[in-house]
Structures are given as structure tokens and as C-alpha cells.
Amino acid sequence: MSQNILTDVDARLNASLVRPQLNDDGAIRHFLGVEGLNKAQLENIITKAMSYFDQDGKLTNTEELAGRTVMNLFFEPSTRTRMTFEAAQKRLGANVLNIDIARSSTTKGESLRDTLWNLEAMSADMFVVRHNASGAAHFMATQVTPNIAIINAGDGWHAHPTQAMLDMLTIHREATKPFDELSVAIIGDIKHSRVARSDISALKTLGVKDIRVIAPRTLLPKGIERYGVSVFENIDEGVVDCDVLIGLRIQNERIGSPLLASSSEYFKAYGITDERVTKARPNALVMHPGPMNRGVEIASTVADGPQSVILKQVNNGIAVRMAVMALSVAGQDAYKGL
Amino acid sequence: MKNYLPSDWQTVTFANKFDDDHWVFPPIVDLCARLREPGHQAHGTLKSEGTAARKNGILHIVLPPDTDPILQNGSLLKGLREKAMQDGGVYLHILGALTDGLKGEQPANLAGLKQGGAIAVTNASKGFANDTVMLRTLEYAATFGLKVFFYPDEPSLSKGGVAHEGYIASFHGLQGIPWLAETVALSKQLLMVEETGISAHFSQITCRTSVELIRWAKSRGLPITCDVAMHQLHLTDDDIEGYDASAYVLPPLRSNTDQKALIAGLKDGTIDAICSHHEPLSSSAKQAPFGEATPGISNFDTFVALGVKLVKDGILTADELVAKICTNPAKIAGIDDYQTIGGAIVIDPELSWQVGSDTMYSKGKNTPFSGQTLTGRVVATTFE
């Protein structure tokens with residue numbers, strides 16, 4: 001029955017929602033979300049990711065997943081995330097299987113649980129999962145046998161934790177201030193964005209005190225103020241003196257629906273333009289999880305401009321995914337007593 | 001035994017001796033339960049769910065028409081009632097379909113349904129093609145003196161939603177169902193009730209504003225009643241925490257504020273009755289991510305214990321609980337011979353038991369109370 005004690009985001013971050021992803025020693029076993037992980041755990045992921053860069057800043061290879069079989073289960077289309085996961089898996093020496101879900105048994109009516117159990121029987125050690133249902137990764141973590149790690153590569157509107165961590169790594173590498181001195185603005189479709197939820201959680205945990213979300217009311221989730229963020233419906237006010245601007249994708253298919261009037265009006269009202277970037281701090285970082293709609297949520301001159309770190313995010317994504325998978329396997333081994 | 005039978009109740013005797021802590025109640029009348037037959041026997045049958053109801057003191061069940069096939073043929077109703085009694089030992093009180101195929105486009109064969117013994121008609125949770133269809137259909141039902149049951153929901157506002165629209169749904173990335181989906185529909189329905197003069201019952205209201213609207217409508221003298229599902233009095237959207245699909249139900253579990261308003265409405269008489277909204281499901285139905293699971297909670301087995309908790313928490317007296325789950329719903333369902341066919345049940349309000357598949361009679365084990373220890377259970381009936 002309801003206890004109604006979890007009334008704020010900080011309490012909820014530590015709630016039972018995310019406990020399944022940790023082993024008894026508090027190490028990551030599954031990576032389902034950023035929520036519930038403490039500052040030290042997030043910093044550990046960043047540190048681990050940094051270790052994969054050599055002195056010249058190039059990614060290195062290891063054998064940390066040698067002999068392990070990783071299956072990429074993308075129930076939703078993805079290019080960038082899937083490719084960077086695969087690149088990361090190969091740099092870790094894993095055996096990689098990409099399951100063509102579009103042709104799998106799920107399209108013939110097989111339940112997700114049965115699909116998982118069948119793939120398990122093929123000696124998988126890890127599932128990297130993207131699914132259109134929020135909570136799918138959590139559900140899978142409850143269904144698989146204990147020796148399989150689940151890595152959430154995006155579930156519904158809920159979470160995209162590796163994207164959040166690559167954003168944190170990018171900020172860590174590129175910003176001139178520590179996290180607790182930063183002002184960060186997240187601009188765009190907050191309501192339907194798994195990236196926004198995970199970014200907010202990660203930023204809060206790492207100590208960012210000034211987190212702003214900027215969007216028209218139709219793109220703001222109910223109760224957003226309880227996330228511990230400042231809400232702006234006017235971008236020109238919201239970006240003032242910010243150190244980081246994170247743009248979010250507006251899906252073209254949504255433009256024209258009751259959520260927005262048109263893509264051109266959206267760009268006029270909420271687009272990240274050169275003029276708006278100048279209202280932020282000098283040398284503020286401009287980020288975007290991609291794919292970008294140029295001229296809708298961001299101007300091309302900004303996306304390709306000197307303050308953009310968008311391509312660096314992609315490169316950092318490989319390192320972060322290497323770190324998360326290596327840490328999860330280590331956590332699984334510890335859980336199994338290996 | 002503490003006797004909570006109404007003063008005009010027939011004399012009942014029990015073979016067993018019970019101490020003064022036991023409560024004697026009339027049999028329970030449930031204003032909304034799905035038994036899954038016909039059409040969905042994988043989840044439950046008249047035999048399994050009827051037996052579970054009877055074991056838990058529920059002798060009378062009001063069945064919505066959204067079965068497969070839809071209950072819109074009066075000649076089928078008698079057979080279904082007889083099968084419910086024969087297989088499960090319960091009295092079935094059937095709601096006929098208000099519109100053909102529940103499509104909301106034209107009235108169903110209401111005269112035939114009345115002749116077949118439908119106690120009322122409803123469009124279940126389906127919408128109407130437009131307001132004119134709704135108005136004319138209600139007028140048509142009024143022609144035959146049929147009561148209408150409403151399950152207020154505006155589909156254009158609730159479509160795609162799986163949880164109460166609020167912080168919890170946002171945090172979990174789940175599409176929300178705003179309380180407006182219920183209150184917009186309810187407002188319209190109340191105005192149409194006033195216009196047509198039809199008797200109406202509103203089932204499973206969930207929101208603070210719904211309580212206020214019902215209170216306002218009753219103050220205007222509208223011939224209406226309403227009920228709330230038992231689980232809405234004990235659970236909130238906090239209980240879906242961690243994507244607990246066992247708490248996925250439609251209409252959704254609402255906020256703490258809504259729950260307080262429902263309890264206030266129950267106490268002051270705005271809400272007349274408590275139903276089970278029993279929806280048994282096979283185990284595989286919940287084995288999916290939250291929003292892709294099948295909504296529904298199996299409630300027969302926990303109904304009495306949760307009712308006892310309302311008394312122990314000081315929300316209702318035992319006499320008021322009798323009114324909410326026995327006598328008021330009997331009046332609403334038009335069960336005139338309730339006393340004659342009623343009997344009585346004995347509840348042990350101190351009996352602790354753990355909710356689990358081995359302690360549940362229902363075929364559906366889908367309950368968010370699984371593993372919890374509840375107090376209170378039916379220990380004897382006179383109708384067995």
C-alpha cells in the first residue's frame with residue numbers, strides 16, 4: 001500500500017526502482033538507468049571511460065570482454081547508438097551478435113519474455129537493449145537468469161543512460177568548470193525525451209545546481225518542477241549565462257500535431273541560434289544527442305560552429321559504452337562469485 | 001458474533017460457533033467484475049471466478065457487457081445467468097450493451113435486452129461517435145425505463161495512456177491519462193442525465209473533481225449514484241513505482257490528493273458503493289514491460305480484507321461498510337429480492353493471511369498485494 005514517502009526526486013533516485021542494477025557490494029551489474037547510482041559510481045564510469053583514451057586522445061582496445069558474447073537487441077531503429085555500442089564491444093574484444101529484430105519471432109507474436117529466454121539459451125553474457133516501451137530494460141532484468149547483464153540503450157520515453165553518461169563525459173572533458181559550478185540548459189522536447197530524463201538525473205547526481213529546461217508547455221512533462229529543475233518557456237531568458245546548452249531532437253512527425261504549430265515557428269521560438277548562444281557564457285558548450293534537425297531545433301551555423309561538441313559526443317559515446325559494459329561484466333562476475 | 005445485518009433482515013443461523021470478534025454481514029453485491037466468460041476463458045471462467053466470488057462472500061455480481069461476444073442479445077442473458085449459478089454458484093446481474101457492438105453509433109436492441117433481464121445498459125468504457133448519438137441513445141434507454149451505467153472516460157484524452165498523468169508517470173516515461181479524461185466525460189454525462197431524466201450509475205470514479213461533480217449533481221437532485229473501486233482507496237500512482245505491472249489498471253491509480261477526496265466522498269455519502277473491479281488475468285498477461293502488459297487487478301480475494309482495513313483505519317464504521325458493499329449496491333442493481341435469496345456471511349476481521357497464489361481462489365493471481373499480509377477474511381457463509 002502507498003506510503004507516499006517518496007515525494008521528491010532525490011528520494012526517488014534512491015528508490016527500489018533501480019536497485020536491481022546493483023550487486024550486493026553496490027557495483028553495477030545491469031545498467032538500466034542513471035537513477036539510483038551515486039556520485040562516486042558515476043565518476044567511476046567517467047574515470048573508466050577516460051582510461052580508454054591514449055595520450056593522444058585516441059581510443060584504445062582491450063580484452064576485457066574477450067570470450068564474452070554480447071547480443072544487441074534493437075527493437076527500435078537506431079544508427080548512432082547501435083554502431084557506437086558495436087564499436088565499443090569490438091574494442092573490448094567481445095563476440096558480437098546483432099539480432100535482426102525486424103525479422104525475429106517477436107513479429108510473429110512471440111512474447112518478449114520468450115524471445116529473451118530463447119536468446120539466453122544461445123549462451124549470451126550480455127543483452128544491449130533498445131525498446132519502445134518505457135521500463136523494458138527493467139522488465140528484462142527481472143526475466144533473465146542472473147548471469148546475464150542488461151544494458152539499457154534507450155527505453156521508451158524513460159531513460160537513455162549511456163547517452164547521459166557520454167554527455168557527462170563530454171562536459172567533464174570540455175567544460176572549464178567543475179560540475180557543481182555549471183549552469184546547464186536542456187532545450188526542446190523534454191516530455192518525450194529519454195535523454196532529458198537521464199541527463200537531469202546524472203547532472204543532479206554530479207552536483208550541478210542550476211539545471212534549466214526550456215520548452216513550450218506542450219513539450220514539458222507533468223510535474224517537471226519536482227525534478228529539481230528551473231522551467232523556462234522563453235528561451236531567450238533561459239539561456240542567459242549558461243555554460244552548457246543541450247538541444248533535443250524535435251521529431252518531424254510531431255510537428256503539425258497539436259503539440260506545435262509548425263517547424264518554422266518552433267525554430268523562431270526555440271531554435272538554438274547564434275544570437276541565443278551569445279546570451280550564454282562565452283565559450284559555452286553546445287551539445288545535441290542527434291540526429292539533428294537543422295533549422296528546426298538548431299541552426300547549422302551553431303551545429304558546425306566553434307562551440308559545438310556534437311561530434312565529440314559521438315566519439316565519447318564509444319568510450320562510455322566500453323566503460324559501462326566492462327563495469328557491468330565485472331559486477332556480474334562479482335555477483336556470481338567469480 | 002457482532003451482527004451487522006440490517007434490522008429487517010431474515011434470521012440466519014450458522015452451524016459453527018464464532019466469538020464476539022466475528023462480524024455477520026449480508027452477502028456482498030459487487031457492482032463491477034469481469035469473470036472473463038464468455039470469450040476470455042484463459043483468464044478466468046464462470047466456474048473459477050464464480051467460485052472465488054462465493055468463497056469471498058460475494059454472492060451477486062454485476063457484469064458489464066464487454067465480453068466476447070458483446071452482451072447485446074437479450075435471449076442470451078438467461079442462459080448466461082443460469083450458467084453462472086450452475087458453474088460458480090453466483091447470481092449474475094447483467095448490463096446490456098447500450099449501443100450496437102459498443103461502437104457508439106446507434107442504439108442496441110434495448111427492448112430485447114430489457115426483456116432478457118438486463119438490469120441496466122451501458123457503453124462500458126467505449127465512447128460515442130458524437131454527442132447527438134449519446135443524447136438520443138439515452139433518450140431511447142429512458143423510453144424503456146432502463147438505468148444507464150457510465151464508466152466516464154473521454155477516449156480522445158485518455159488514448160495511449162497507461163498511468164495517471166503526473167510526476168510518477170513522467171518520471172517513468174509513461175504516457176499519462178489526465179484526470180480531465182474522466183471529468184470531461186463525467187460532466188457531459190451528468191448534463192445529459194439531467195436533460196433526459198434517466199437514472200444513472202457512475203462506476204469507478206477516480207478523481208477529486210469527479211467527487212465534486214457528483215456531489216454537485218446530487219445536490220441538484222439528479223437521480224444518480226456512484227461507486228469507487230476498492231483498490232483506488234488503498235493504492236495510488238506511487239504503487240506503480242519500479243514498473244510494477246501488477247498495479248497497472250485502467251482507469252489508472254490516481255494521486256494521493258485524489259485518493260483523499262475519494263475517501264471523503266465515501267464518508268459523506270457522495271460515493272454510494274465500493275465495487276471490486278475484479279479483472280483476473282493469466283500469468284502471461286503481466287509478463288511484459290509495464291505499458292505493454294494487460295491492465296487489470298484480481299480483486300475478489302482481497303476485497304473483504306481491504307474493506308476491513310477501511311473500518312480499522314476509522315474511515316468507515318462496520319455498518320457503513322455493510323451499506324457500501326452490500327445494501328447500497330443491491331439497491332443500485334435493483335436486486336429487489338436480495339433479502340430472500342441473500343443469506344449471510346461471517347468475517348473474521350482479525351484473521352491474518354498472506355496474499356499469494358496458494359491463498360487466492362481466483363484463477364487470476366494478478367494483484368499488487370501479492371506477498372503482503374492482510375487481515376480479515378470470510379470464514380463462513382449461509383449460502384454454501
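Values reported hereafter were calculated over all heavy atoms of this structure, with side chains retained and with hydrogens, waters and symmetry mates removed. Worth saying up front: this structure is predicted, and the values here are computed from it rather than measured.
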Practice prompt. Could you check B:E182, B:Q232, B:H164 and say which one makes a side chain to side chain donor-acceptor pair (under 3.5 Å) with B:T206?
Written response: B:E182
Worksheet item: Taking C-beta and beyond as the side chain, do A:K39 and A:L206 meet within less than 4.5 Å on heavy atoms?
Response: yes
Worksheet item: Hey, what's the ring geometry for B:H234 with B:F369, parallel, tilted or perpendicular (30° and 60° as the breaks)?
Response: perpendicular
Worksheet, complete the sentence: Applying a strict 4.5 Å limit to non-hydrogen atoms, the region of A:E225 in contact with chain B is neither
Worksheet item: For chain B, which of A:G223, A:S134, A:P221 has the most heavy-atom pairs under 4.5 Å?
Response: A:S134
Discussion item. Could you check, using the six-membered ring where one of them is a Trp, whether A:H158 and B:Y243 have ring centers closer than 6.0 angstrom?
Written reply: yes
Worksheet entry | For chain A, the option from B:G291, B:A288, B:P178 that forms the most heavy-atom pairs under 4.5 Å | B:A288
Response to the item:
If one checks every heavy atom of B:E292 against chain A at 4.5 Å, the contacting part turns out to be side chain
Practice prompt. Tell me, for A:R197 versus chain B, whether the close heavy atoms (under 4.5 Å) come from the side chain, the backbone, both or neither.
Written response: side chain
Worksheet item: Any donor and acceptor pair, going by atom type alone, linking the side chain of B:D268 with main-chain N or O of B:T270 inside 3.5 Å?
Response: yes
